[in-house]
Engineer: 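For reference, the structure I am asking about is given below.
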Protein chains: 2
Amino acid sequence: MSGDPSDQARSTAVKQLKALGLSTYAARTFVALVSLGEGTARDLSEVADVPRTRVYDAAGELHNRGLVDVKQSSPQRYWAISTETAGRHFEQEYDHRVTVLTDALDQLVPANRSTEQQGVWTVTGRDTVTERVVDFISSADDEIVYMTAEELLTDEIAECLSTVSDRGVSIRLAEMSQSVEARLEQDVPDAKLFESLWNWSETPAGRLLMVDQNKTLVSVLVDGNGEHPPEPRDETAIWGVGQTNSLVVVLKTLFTWQLDNNRDSQDVR
Amino acid sequence: MSGDPSDQARSTAVKQLKALGLSTYAARTFVALVSLGEGTARDLSEVADVPRTRVYDAAGELHNRGLVDVKQSSPQRYWAISTETAGRHFEQEYDHRVTVLTDALDQLVPANRSTEQQGVWTVTGRDTVTERVVDFISSADDEIVYMTAEELLTDEIAECLSTVSDRGVSIRLAEMSQSVEARLEQDVPDAKLFESLWNWSETPAGRLLMVDQNKTLVSVLVDGNGEHPPEPRDETAIWGVGQTNSLVVVLKTLFTWQLDNNRDSQDVR
DNA sequence: CAGCTATTCACTCACTTAATCACAATACTT
DNA sequence: AAGTATTGTGATTAAGTGAGTGAATAGCTG
């Protein structure tokens, strides 16, 4: 009845709907109803592959959620809202959730989130690491030293650097690939380049970041070689904050030495 | 240790986190970690009221989601991201979900979503009815006739009316309460007022809407009197589309008669 | 009225998740 | 250095949720 690409669309739609909190039956029923436009319990049962006797529950759930309208005839018919409306609907619901959540959490957060720590924290996952990097960069008052692999320089990061640069924070970027440099030159004209410690492009290193000589983060790209599915969870980072933090101390000396050497126009290694 | 308001904040936060897809343990652990800022499994177990041996799983789940970073010490310590970051994090995740969903659904939607229907569909819930109203108004090509109870005139609706008015759609508003009229006069200066059929403010009626003499919706405010919790699900609407649709036909004649009478400056009833 | 269909309800089964326990590994104390 | 306390991991049990099935009721059609 339906081809392969259509089936795939179905299953991803069902997956997302379930993740959005619908039951399997409700998700399948909704997808069927969208592709049918309108239909009876029997129709839906066939297309959605949901037991006929359970379509009513599923449709009820959908009606409660406001995704489906009901016609009180016999047999009763169901009608699905448009995809755009569905999108808006979920967005609204979600915004509300997040607002309520952050409000509640803000009431709980203690006054002093310590600014001096002993050890280092680990973060996993490319997107998550990016989040930390953005947090760090955004919090900069004075100076940022940053080295990054090309593939990890997202628009988000570039934009973030540009913002703090406008705020007057001095930015030092390690020598990286041509394209990265060119890109940043455009977005962050005030950034100063310096010679990299390593041959950056040949290491599996991800990023090095130091903010205000006070917060540091270093990441590496892991697996990607020995793993079966090409997971996006392919970056691992450690970070630490505080003047006495060991990671901070190490990177600070490293960078200081590096930057000083560079200032004397000496090419190191 | 913590007062009543704080406890309430905790429980709502936990509720939202669970709705966002976390397990109860993970949700409780995260909330505890936010109010602690940082802590060991033991600390969390006490504050979160989660069995100590399960805190590790919960923290793992949170770490995978990118909400918590881990310190590899002994005992290992956990650190929660800031509430703002958490908010951004969920927003991003959600935007992605909705995008994927709508893309998939758009592939499934059939070419012809019929424009001619027999019966009437029912919708429940104030927000959901508003969604339909917005859909209808947005789709207007020619003319809108609208009557609404004051409390139901949200900013969203006013804005929507204003948009289509700019597009050249003629808008006729029934006589309503002073404040509603004043408000719309400002947002939608081109709208023409006409005398209402009923003494609008004294009926439990919600809204009447006719778009292009082709789509109609009528809603009433239900319960709100006999129900124990003041539920927001207090509006029920029916709608139908098509020239031959019975509801459309009825409302069309009603409005036409009404508007014609009004044009002759006759006050009806 | 008879036969069919639609709808609801009650129940089973399977699976996820909460909760406890037992044990191994590690750190701390004297 | 040995003993004790604490941390982390895994296995196990219990409870709850949701998928799936069938029977019973209500409603329609001819």
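Numbered from 1 within each chain, the chains take letters A, B, ... in sequence-line order.
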Engineer: Tell me the interatomic distance from B/Asp49, atom CG, to C/dT20, atom P, rounded to whole angstroms.
Structural biologist: 10 Å
Engineer: To the nearest Å, give me how far apart CG (B/Leu44) and P (D/dT7) are.
Structural biologist: 12 Å
Engineer: Ring centres under 6.0 Å, that's the criterion: do A/Trp239 and A/Phe136 meet it?
Structural biologist: yes
Engineer: May I ask you to verify if any side-chain N or O of B/Arg54 is less than 4.0 angstrom from the OP1 or OP2 atom of C/dA18?
Structural biologist: no
Engineer: Roughly how many Å is it from NZ in A/Lys71 to P in C/dT7, rounded to a whole number?
Structural biologist: 13 Å
Engineer: Check this for me: does any side-chain nitrogen of one of B/Arg88 and A/Asp135 sit under 4.0 Å from a carboxylate oxygen of the other?
Structural biologist: yes
Engineer: Show your reasoning for whether side-chain contact (heavy atoms from CB on, under 4.5 Å) applies to B/Val55 and B/Thr40.
Structural biologist: CA-CA 9 Å; B/Val55 171; B/Thr40 71; over 6 Å; no
Engineer: Without decimals, in angstroms, what is the distance between B/Arg42 CZ and D/dA5 P?
Structural biologist: 12 Å
Engineer: How far apart are the closest heavy atoms of B/Arg28 and B/Asp49, and which atoms are they?
Structural biologist: NH2-O, 3.3 Å
Engineer: Measure CZ/B/Arg52 against P/D/dT7 and give the value in whole Å, please.
Structural biologist: 6 Å
Engineer: Can you tell me whether the side chain of A/Thr53 and the base of D/dG22 have a donor-acceptor pair closer than 3.5 Å?
Structural biologist: yes
Engineer: Which listed nucleotide (C/dA19, C/dA6, C/dA18) is nearest to the side chain of A/Pro75?
Structural biologist: C/dA6
Engineer: How are the rings of B/Tyr94 and A/Tyr94 set relative to one another: parallel (under 30°), tilted (30 to 60°) or perpendicular (over 60°)?
Structural biologist: parallel
Engineer: Without decimals, in angstroms, what is the distance between A/Asp57 CG and C/dT7 C1'?
Structural biologist: 10 Å
Engineer: Give a yes/no on whether any side-chain N or O of B/Tyr25 is located under 4.0 angstrom from OP1 or OP2 of C/dA19.
Structural biologist: yes
Engineer: Rounded off to whole Å, could you give me the CD-to-P distance for the A/Gln76 and D/dG27 pair?
Structural biologist: 13 Å
Engineer: Just to confirm, is there a sub-4.0 Å distance from OP1 or OP2 of D/dT7 to any side-chain nitrogen or oxygen of B/Ser74?
Structural biologist: no
Engineer: What is the distance, to the nearest angstrom, from the CG atom on B/Asp43 to the C1' atom on D/dT6?
Structural biologist: 13 Å
Engineer: Applying a 4.0 Å non-hydrogen cut-off, can you work out what B/Arg77 is touching in the nucleic acid: base, sugar-phosphate, or nothing?
Structural biologist: nothing
Engineer: Considering only C/dA19, D/dG20, D/dA19, which nucleotide approaches the side chain of A/Thr24 most closely?
Structural biologist: D/dA19
